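Quick caveat, the model's predicted, so the values are computed rather than measured. The sequence lines fix the lettering, A, B, ..., with proteins before strands; numbering per chain opens at 1. Any value given below was found using the heavy atoms of this structure, including those in side chains, with hydrogens, waters and symmetry copies removed.
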Amino acid sequence: MEKKFKRTTITSALPYANGPVHIGHLAGVYVPADIYARYLRLKGEDVLFIGGSDEHGVPITIKAKKEGVTPQDIVDRYHGIIKKSFEEFGISFDVYSRTSSKIHHEVASGMFKTIYEKGGFIEQTNEQYYDETAQQFLADRYITGKCPHCGNENAYGDQCEACGTSLNPTDLINPKSAITGNAPVMRETKHWYLPLDQHEEWLRKWILEDHKEWKTNVYGQCKSWLDMGLHPRAVSRDLDWGIPVPLKNAEGKVLYVWFDAPIGYISNTKELCDNQPEKFGKWEKWWKDPETRLVHFIGKDNIVFHCIVFPAMLKAEGSYILPDNVPANEFLNLEGDKISTSRNWAVWLNEYLVDFPGKQDVLRYVLTANAPETKDNDFTWKDFQTRNNSELVAIFGNFINRAMVLTQKYFDGKVPAIGELTNYDRQTLAEFINVKADVEKYLDIFRFRDAQKEAMNLARIGNKYLADTEPWKTAKTDMARTATILNLALQIAANLAIAFEPFLPFTADKLRKILGLNSFNWKQLGSTQLIEEGHQLNAPELLFEKIEDDVIEAQIQKLLNTKKTNELDNYKPDEVKEQVSFDAFMKMDIRVGTILDCQRVPKADKLLQFKIDDGMGGRTIVSGIAKYYNPEDLIGKQVCFMANFEPRKLKGIVSEGMILSAEDADGRLVIISPNDTVKTGVNVG
RNA sequence: CGCGGGAUGGAGCAGUUGGUAGCUCGUUGGGCUCAUAACCCAGAGGUCAUUCGUUCGAGUCGGAUUCCCGCAACCA
């Protein structure tokens with residue numbers, strides 16, 4: 001069933017404004033969304049490409065508190081960084097706004113009100129834990145206690161990470177507030193819920209029957225959610241950062257961030273259309289006209305929100321269209337490890353732009369060529385270098401350079417006349433005309449890596465054509481033939497400028513300038529008459545440059561260094577503990593011992609087992625420093641240890657004391673030793 | 001048996017509803033010399049981790065096993 005749409009609204013997940021954007025975000029969401037938007041624009045279709053920062057929610061308030069600034073300071077900082085780096089990277093948003101904007105507050109409130117007035121929410125009063133000292137209700141993550149299943153003392157209110165069981169805060173034994181450490185009290189609080197269970201029936205049909213074309217990972221996850229059964233979901237929170245619930249009896253309540261964020265797509269559209277109505281028309285046509293096609297680009301963590309929750313909201317409101325497709329990607333890893341903002345294991349876009357000026361397209365190319373479309377993939381700097389050097393430089397850039405230099409040499413940079421075509425010429429033409437259909441075929445089903453590969457094939461065809469026809473040889477005997485060959489080669493070059501426009505916009509632009517041409521339309525792709533005879537080309541210029549080993553080495557080193565320095569920079573000494581008396585201190589019996597023997601404890605990565613000479617017959621101590629010391633290096637050294645420590649079993653070994661060590665900012669443990677040799681067994685104090 | 005993800009030629013990845021295993025890079029040999037030592041051609045290289053099963057037929061479905069990677073645990 002072919003659906004006819006007049007226009008397309010493309011959204012890309014709103015980045016959360018508590019950190020800069022990294023390559024994982026780009027590969028998963030922004031690069032594919034941008035390729036798609038550019039492709040449709042090039043085809044002359046009516047397109048709107050929406051982006052913006054997501055600026056509410058608890059993590060931002062936590063980060064603000066930690067840095068001693070306001071949440072607004074945090075979001076202002078990161079919104080600025082993110083917006084600027086997107087611009088520089090060539091993500092062609094029609095609008096990039098933010099959820100803290102006035103217009104968004106109005107739209108989100110309005111949406112809530114409409115659904116409320118239609119009876120689309122249910123109201124429920126529950127008892128929830130409240131921290132009386134901090135004067136706030138506690139989110140699930142901010143309550144810890146003993147897990148009722150496995151007895152782990154540090155289970156969270158939503159999940160015990162020791163046994164994996166998911167919990168309710170009320171399941172915890174001896175709950176504590178993670179903010180103050182006090183025992184929280186139960187207090188009544190009222191919240192509004194979106195009854196997803198009431199939407200289950202139409203969602204089931206809409207996704208499982210009407211959208212079988214969705215990517216398997218997306219379809220599969222939706223199916224599994226639907227099969228588990230949907231439950232009402234709270235749309236409000238007790239918090240002071242966010243959009244106030246627009247009702248009279250709702251003091252201190254804000255819209256839950258997942259409810260507020262996707263509405264940002266709509267408010268950003270409204271902001272744009274209100275500012276430029278002559279260009280974009282009324283915002284409603286992008287969201288309420290059934291002839292508009294809505295496409296959400298997201299990462300896999302967002303599938304449920306965009307396929308189930310947000311559609312349920314739109315349906316509950318009543319006047320909106322639903323997404324036609326949700327092409328979600330998997331995750332990108334970095335050098336074999338999961339990308340992590342908190343561990344600073346990432347390549348940050350803003351830093352890449354500084355380290356590799358003018359090389360936006362290289363990153364775009366690599367991220368697309370290795371996009372995590374069907375499973376998690378790995379980004380390595382080595383691969384980045386190889387793809388640049390042996391694909392972009394050697395195939396694409398080199399072909400352009402060859403065609404340009406040859407034309408310069410034999411025809412003073414003027415496009416030569418095309419003459420009689422040989423069979424081989426016709427065969428080559430036939431091949432490259434197919435490229436258009438192939439690229440389109442893949443772009444239409446969101447397979448960007450395959451689409452880009454097809455575009456690259458055009459350059460391969462060009463190289464092969466030159467190698468087979470050998471214009472540098474025919475130039476010695478037959479200038480007319482040489483002219484025909486170079487004319488065709490230049491036509492291929494011009495076609496490359498169109499084919500790569502969605503993928504590598506900076507390069508396409510540069511290529512057009514070298515060829516001295518204006519912008520193209522996608523329909524012209526496949527044409528053999530893009531450049532006219534006699535047209536003057538500009539001086540050849542390299543499209544891409546080789547990236548040398550030392551540059552790559554430096555990036556890898558930087559990755560390791562930033563990780564380390566970040567840990568050190570963030571280090572703050574712990575607060576000084578409660579005072580103790582001299583007597584209390586004297587109760588601790590700290591002594592110097594000599595290590596007689598030291599071995600790894602089997603099946604534990606962190607434990608070392610020591611045999612210590614304490615001057616009193618020796619003792620066994622187990623210590624968690626295996627990651628930082630080799631057992632054999634320690635034998636014979638003197639260490640300080642607690643001698644009257646309560647014995648404790650570790651992995652089945654009784655440890656009689658504790659070896660003292662200092663923990664460095666990065667977690668590295670350093671053993672404390674006397675700085676001159678002393679008699680074994682003497683006291684420290 | 002803690003939870004989850006994976007295992008396809010040297011590396012990185014594709015393999016749609018089961019029907020002779022593909023792509024890019026690398027590698028070997030050759031060609032070319034216009035080109036950023038780039039380009040073109042030919043070749044080598046895989047029992048699709050192992051194993052049992054369903055089937056006329058399985059990389060593709062089901063069970064078992066092994067190994068790897070995250071997280072967790074051990075770190076008084």
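- When only modelled atom types and interatomic distance are considered, Asp425(A) and Tyr465(A) share a side-chain donor-acceptor pair under 3.5 Å.
- Taking atom C1' on both U47(B) and G43(B), the two are 22 Å apart, rounded to the nearest angstrom.
- In this structure, CZ of Phe379(A) is placed 22 Å from P of U24(B), rounded to the nearest angstrom.
- Enclosure of atom CD in Gln536(A) by more than 12 non-hydrogen atoms of other residues, nucleotides or ligands within 6.0 angstrom is indicated.
- Look at the C1' atom in both U51(B) and G9(B): the space between them is 22 Å, to the nearest Å.
- Checking U16(B) for Watson-Crick or G-U wobble geometry (two distances, each under 3.5 Å) identifies no partner in any strand.
- Base pairing analysis places U24(B) opposite A11(B); the two distances defining the Watson-Crick or G-U wobble pair are each below 3.5 Å.
- Residue-level contact check: Ser655(A) touches neither bases nor backbone, having no heavy atom under 4.0 Å from any strand.
- At least one side-chain nitrogen or oxygen of Lys473(A) sits closer than 4.0 Å to the OP1 or OP2 atom of U33(B).
- Here the separation of U17(B) from G59(B), taken at their P atoms, is 16 Å to the nearest Å.
- Between Lys359(A) and Glu545(A) a salt bridge is recorded (basic side-chain N to carboxylate O distance below 4.0 Å).
- A salt bridge links Asp450(A) to Arg447(A): at least one charged side-chain nitrogen sits closer than 4.0 Å to a carboxylate oxygen.
- Here Ile395(A) lies in heavy-atom contact (under 4.0 Å) with sugar-phosphate atoms only.
- Distance noted for atom C1' between U55(B) and A14(B): 26 Å (whole Å).
- Rounded to whole Å, the distance from CH2 on Trp472(A) to P on C32(B) is 11 Å.
- At whole-Å resolution of the value, CD in Glu470(A) and P in C34(B) are 11 Å apart.
- Nearest nucleotide to the side chain of Asn401(A), out of C40(B), A35(B), C25(B): A35(B).
- Separating the C1' atom of C48(B) from that of G18(B) is a span of 14 Å, rounded to the nearest Å.
- Between Arg402(A) and C32(B), a side-chain N or O to OP1/OP2 separation shorter than 4.0 Å is absent.
- We find that NZ of Lys476(A) is positioned 10 Å from C1' of C34(B), with the value rounded to whole Å.
- Relative orientation of the Tyr36(A) and Phe446(A) rings is tilted, given thresholds of 30° and 60° on the angle between their planes.
- Listed nucleotides U24(B), C40(B), C25(B) differ in distance to Glu391(A); the shortest reach to its side chain belongs to U24(B).
- Across all strands shown, Phe544(A) has heavy atoms under 4.0 Å from base atoms, whether or not it also approaches the sugar-phosphate.
- Residues Asp614(A) and Arg591(A) are not paired through a salt bridge, judged by the lack of any N-O separation under 4.0 Å between the basic side chain and the carboxylate.
- Judged by distance alone, the side chain of Glu656(A) and the main-chain N or O of Thr620(A) form a donor-acceptor pair under 3.5 Å.
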Polar atom pairs (N or O), protein with nucleotides 12-14 of chain B, under 3.5 Å:
{"residue": "C13(B)", "atom": "OP1", "partner": "Asp378(A)", "partner atom": "N", "Å": "3.3"}
{"residue": "C13(B)", "atom": "O2'", "partner": "Arg449(A)", "partner atom": "NH2", "Å": "2.3"}
{"residue": "A14(B)", "atom": "OP1", "partner": "Thr374(A)", "partner atom": "OG1", "Å": "2.7"}

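- One interatomic measurement links the two molecules: CG of Asn333(A) to C1' of C71(B), which rounds to 13 Å at whole-angstrom precision.
- Per the geometry, NZ belonging to Lys546(A) stands 16 Å off P belonging to A35(B), to the nearest Å.
- The side chain of Val393(A) sits closest to U36(B) out of C34(B), U36(B), A35(B).
- Residue Asp468(A) has its side chain nearest to C40(B) when only C40(B), C25(B), A35(B) are considered.
- As the counterpart of C67(B), G6(B) is assigned, both hydrogen-bonding distances of the Watson-Crick or G-U wobble pattern falling under 3.5 Å.
- At a threshold of 4.0 angstrom between heavy atoms, the contacts of Leu543(A) include nucleobase atoms, whether or not backbone atoms are also involved.
- When only modelled atom types and interatomic distance are considered, Gln555(A) and Asp355(A) share a side-chain donor-acceptor pair under 3.5 Å.
- Side-chain N or O atoms of Asn333(A) include none that pairs as donor or acceptor with a backbone N or O of Phe379(A) at under 3.5 Å.
- Comparing the C1' positions of A64(B) and U24(B) gives a spacing of 36 Å, expressed to the nearest Å.
- Rounded to an integer number of Å, the gap from CD1 of Ile659(A) to C1' of A76(B) is 11 Å.
- Atom pair Leu334(A):CG and G70(B):P shows a separation of 13 Å (rounding to whole Å applied).
- Under the Watson-Crick or G-U wobble criterion, with both distances below 3.5 Å, A73(B) is left unpaired in every strand shown.
- Between the side chain of Asn377(A) and the backbone N or O of Asn370(A), at least one donor-acceptor pair lies under 3.5 Å.
- Of the P atoms belonging to G63(B) and U54(B), the separation is 15 Å, rounded to the nearest Å.
- Looking at the side chain of Met658(A), the nearest of the listed nucleotides C39(B), C41(B), A76(B) is A76(B).
- Comparing the same atom, P, in G22(B) and in G31(B) gives a spacing of 29 Å after rounding to whole Å.
- A 3.5 Å limit on both hydrogen-bonding distances identifies no Watson-Crick or G-U partner for G46(B).
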